[in-house]
Amino acid sequence: MGRPSVRRLTIQVLPAAKGAHPATAGQFAIMEFQEPYDPEVVYVESMMSSLYVESEVEIYRYTLAFDHLRAMALDPKESRELISALAKRSS
């Protein structure tokens with residue numbers, strides 16, 4: 001067996017004060033796979049249903065929305081500092 005791949009997690013907080021953003025319509029997750037024959041898929045979840053999006057054009061739109069969310073959010077260091085401050089305040 002090969003070595004397991006290393007996954008990295010980045011957390012960014014999107015403050016409510018930033019206002020409307022691309023995810024106000026609902027949750028979505030962009031899933032990427034290591035194998036080239038496994039294309040990207042977007043999982044969209046709403047209150048009444050869920051959907052797997054496989055169209056390259058639609059995946060591109062979700063990717064743009066995700067990039068926009070990341071640009072609006074606090075950077076990872078600022079996000080860690082905010083989470084830490086909130087955790088200390090609630091203790």
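None of the values given here were measured: they were computed from a predicted structure.
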Q | L69 reachable from I30 in the ILVMFWY side-chain graph, under 4.5 Å edges | A | yes
Q. For the hydrophobic clusters of this structure (ILVMFWY residues joined by side-chain heavy atoms under 4.5 Å, transitively), does one cluster hold both M31 and Y37?
A. no
Q | Linked, directly or transitively: V44 and L64 (ILVMFWY side chains, under 4.5 Å) | A | no
Q. Considering all heavy atoms of both residues, which atom of T10 and which atom of P76 are nearest to each other, and what is their separation?
A. CG2-CG, 3.6 Å
Q: Inspect the surroundings of CZ in F28 and state if more than 12 heavy atoms from other residues, nucleotides or ligands are less than 6.0 Å away.
A: yes
Q.
Applying a strict under-4.5 Å side-chain criterion to I, L, V, M, F, W and Y, I'd like to know whether Y62 and M72 cluster together.
A. yes
Q. Has Y43 got more than 12 heavy atoms of other residues, nucleotides or ligands less than 6.0 Å from its OH?
A. yes
**Q.** Backbone N/O of L74 and side chain of Q12: donor-acceptor pair under 3.5 Å
**A.** yes
Q | Side-chain touch L86/R89, heavy atoms, less than 4.5 angstrom | A | yes
Q.
Looking at every heavy atom in both E40 and E32, which two are closest together, and how far apart are they?
A. OE2-OE2, 2.8 Å
